[in-house]
Novice: 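Take a look at the following structure, please.
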Amino acid sequence: MSKIKPQTLKGFRDFLPETMLAREHLMQTARDVYRSFGFAPIDTPALEYTEILLGKGGEESDKQMFRFTDQGNRDVSMRFDLTVPFARFAAQHLNELGTPFKRYHLGTVWRAEKPQKGRYREFVQCDFDTIGTKSNAADIETLMVIHELMDRIGCGEFQIRVNNRKVLNGLLQKLELTEQSVSVLRALDKLPKIGRDAVLAEMEGQSISSTQAIQVLDFAELTGTPAELLTQVEQMVSGNETGETGIAQLRELFEVANSVGLPESRLNLDLSIARGLDYYTGTIYETFLDELPGIGSVCSGGRYDNLAELFTSQPLPGVGASLGLDRLLAAMEELGKLKPSSTPSQILVTVFDPAWTADSFRIAQQLRHSGLAVEVYTDHKKMGKQFQYADKKGIPVVLIAGEDERSAGTWQVKELSSGDQTPILEADLADHLLEMVGKTD
RNA sequence: GUGGCCAUAGUUCAGUUGGUUAGAACGCCGGAUUGUGAUUCCGGAGGUCGCCGGUUCAAGUCCGGUUGGCCACCCCA
């Protein structure tokens, strides 16, 4: 009989334990950080009416949606980010939620785009947002969350680049480029990638005069410390109310970040970042890894004026960001920052003689109740094989009890990395092991 | 969506101008005076060369299609 060929769809992947342990660890870190700032978890369906998801991110995202007709003849689509479903969610549950409302949402999203490294058709986003407030304090807190998250994840040094759409818009107003703002910002976003000349060319192709384009670029290419930049830019937008507001917000943001102790090296004012999506209206954030900038932003976000305008007349301003879990994971894998363990077990209890299996199960259960992750070897094989198994899986400690230990009421505790082993009284075992390996994650 | 590169054991790769039973390393499994692994020694199992079709006496090798991966554009996490 011919077999079905085992295969996965383009851009969709299986995860082996080694990768999955890292994924779950990352997700747990994100949850811990979000919760420590008071964000509450929510979830929404993977599938929504297409009309709900359409029309927010523009034509490009519409094309990227997995869309089909269900068995009840409904036009449905897989969610392609967590923001649009959240907008629907917020509009629908506003009265129960109250504002300001802070939520986090870890969820899988689907995009039918062409896959590349760090870009998949199915991937997990870790979003957090604060809605129902225009306060700059929420913007500042968003920055702090991003920093805390990246710091805790531990994938090397990183840089959070901040900008403010109001500053850009203020400048564009002064240059009378408001009409073309979308194309100007799109072009500007590419500056680090394609360089000044190419951006100039692109802008001139968009009915923007070269004088205007040069002024925009001169602005975007200003360099210096955040404080210096702000002073320079303030002069460029002076007299424009929008621009001045943006400057004030950024100034406060950097001041607070400073007094809270965020390292200056990790925080930058980058006037060239504009974010592709047009719905951002205030502060915007992008996060790059120092060791792997090419993989793109791993955590991005910004402030928007009205999250749910498609669904309700109640205005819902907010600010938030999204951690790209799978992209980050791809980066960590490339940088060799993943732990090689392929099991959550911390301890392997060997079975010296099949007749004594019950003893191994008994001590394992006792240790689990102390918060350890414990596995009992299930095959009747000799000691060497049992150690080999532990070593291969990355289990750091094994327990052995033969005749001598049984009569003495002890277990041999063997640390595989060093080969050292010591007999420990059964009563002291849990404390001893906890000190060695710590509690389960 | 447009353009380009790639596809051989679990993994990383060899494979000579198309020419007999397709190789290596690592990994995996088993064994080396049965209370000790990761180092050493010996042995073994894995591939219809991604898939389908074509050219040819002969295809892993050439051609077309298809699936998947990667890169650029686009866009984005």
Side-chain angles (χ1 to χ4, degrees), chain A residues 2-14 16 18 26 30 57-65 80-83 106-127 146 149 186-187 189-190 193-194 198 202 273-278 285-289 294-301 321-331 334 340 348 350-353 356 377 380-406 411-421 423:
Chain A
S2 78
K3 302 291 185 194
I4 297 165
K5 185 182 173 190
Q7 58 181 346
T8 52
L9 286 161
K10 184 202 282 282
F12 288 73
R13 301 162 298 156
D14 286 329
L16 271 55
E18 204 169 295
L26 270 185
E59 283 173 38
E60 201 53 49
S61 47
D62 296 354
K63 275 189 289 185
Q64 292 182 354
M65 286 200 308
F80 111 127
D81 67 10
L82 298 177
T83 305
L106 312 197
T108 309
V109 302
W110 294 268
R111 293 185 194 176
E113 67 174 342
K114 203 161 214 168
Q116 274 177 40
K117 187 177 282 301
R119 306 176 65 155
Y120 310 101
R121 290 183 149 190
E122 177 180 61
F123 59 97
V124 168
Q125 290 193 322
C126 308
D127 278 29
I146 295 174
L149 195 52
R186 282 251 158 87
D189 211 33
K190 299 176 196 163
K193 213 166 183 180
I194 63 177
E202 180 165 338
I273 67 159
R275 300 287 301 131
L277 297 178
D278 2 321
Y285 317 84
E286 293 205 328
T287 311
F288 291 86
L289 302 177
I295 202 154
S297 173
V298 293
C299 188
S300 311
S322 177
L323 176 75
L325 185 94
D326 288 279
R327 178 171 285 185
L328 190 62
L329 215 52
E334 190 163 335
L348 177 73
T350 59
V351 177
F352 193 84
D353 185 299
W356 303 337
Y377 194 80
H380 299 325
K381 293 200 175 160
K382 49 180 169 183
M383 283 298 116
K385 284 289 166 208
Q386 304 195 30
F387 293 149
Q388 210 172 60
Y389 171 82
D391 188 53
K392 201 163 291 166
K393 293 276 157 130
I395 305 174
V397 176
V398 294
L399 260 41
I400 312 113
E403 297 276 7
D404 300 347
E405 288 79 9
R406 284 166 63 80
W411 287 81
Q412 292 286 351
V413 175
K414 181 181 173 78
E415 185 183 43
L416 288 180
S417 61
S418 60
D420 296 346
Q421 82 184 47

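No experiment lies behind these values; they were computed from the predicted model shown. Letters A, B, ... are given to chains in the order of the sequence lines, protein chains preceding strands, and every chain is numbered from 1.
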Novice: Output all residues satisfying side-chain hydrogen bond (donor to acceptor under 3.5 Å, both in side chains) with R119(A), sequence neighbours left out; order by chain, then residue number.
Specialist: E113(A)
Novice: Show, in sequence, the C-alpha distance, side-chain angles and deciding distance for M383(A) and F352(A), and conclude whether the side-chain contact (heavy atoms from CB on, under 4.5 Å) test is met.
Specialist: CA-CA 7 Å; M383(A) 283 298 116; F352(A) 193 84; 3.9 Å; yes
Novice: A side-chain contact here means heavy atoms from C-beta on lying under 4.5 Å apart; do E122(A) and W110(A) qualify?
Specialist: yes
Novice: Pick one for G46(B): is it syn, with its angle within 90° of 0, or anti?
Specialist: syn
Novice: Reading nucleotides 33-47 of chain B 5' to 3', which nucleotides get B (base under 4.0 Å from a protein heavy atom), which S (sugar-phosphate only), which -?
Specialist: --BBBB---------
Novice: When the C1' atoms of U21(B) and A25(B) are compared, how many Å lie between them, rounded to an integer?
Specialist: 22 Å
Novice: When you measure from the side chain of T350(A) to the backbone of L399(A), do you find a donor-acceptor pair of N or O atoms at a distance under 3.5 Å?
Specialist: yes
Novice: Please measure how far the C1' atom in G18(B) lies from the corresponding atom in C26(B), and state the result in whole Å.
Specialist: 31 Å
Novice: Please state whether the phosphate of G31(B), meaning OP1 or OP2, lies under 4.0 angstrom from any side-chain nitrogen or oxygen of K381(A).
Specialist: no
Novice: Which residues pass the side-chain hydrogen bond (donor to acceptor under 3.5 Å, both in side chains) test with Q116(A), not counting sequence neighbours?
Specialist: none
Novice: At under 4.0 Å between heavy atoms, how does the protein contact nucleotides 65-72 of chain B? Give one character per nucleotide, 5' to 3', with B, S or -.
Specialist: --SSS-BB
Novice: If we take the P atom in both U11(B) and C70(B), what is their distance in whole Å?
Specialist: 15 Å
Novice: Ignoring hydrogens and geometry beyond distance, is the side chain of E286(A) in donor-acceptor contact with the base of A77(B) at under 3.5 Å?
Specialist: no
Novice: Which whole number of Å gives the distance between the P atom of C51(B) and that of A9(B)?
Specialist: 10 Å
Novice: Is a donor-acceptor pair below 3.5 Å formed from side chain R327(A) to base C76(B), judging by atom type as modelled?
Specialist: yes
Novice: List the residues meeting side-chain hydrogen bond (donor to acceptor under 3.5 Å, both in side chains) with Q386(A), not counting sequence neighbours, and say none if there are none.
Specialist: none
Novice: Is there side-chain contact between I400(A) and F387(A), with heavy atoms separated by less than 4.5 Å?
Specialist: yes
Novice: Which helical stems does RNA chain B take part in, if a stem means at least 3 consecutive Watson-Crick or G-U pairs with both distances below 3.5 Å?
Specialist: B:1-7 with B:67-73, B:10-13 with B:23-26, B:28-32 with B:40-44, B:50-54 with B:62-66
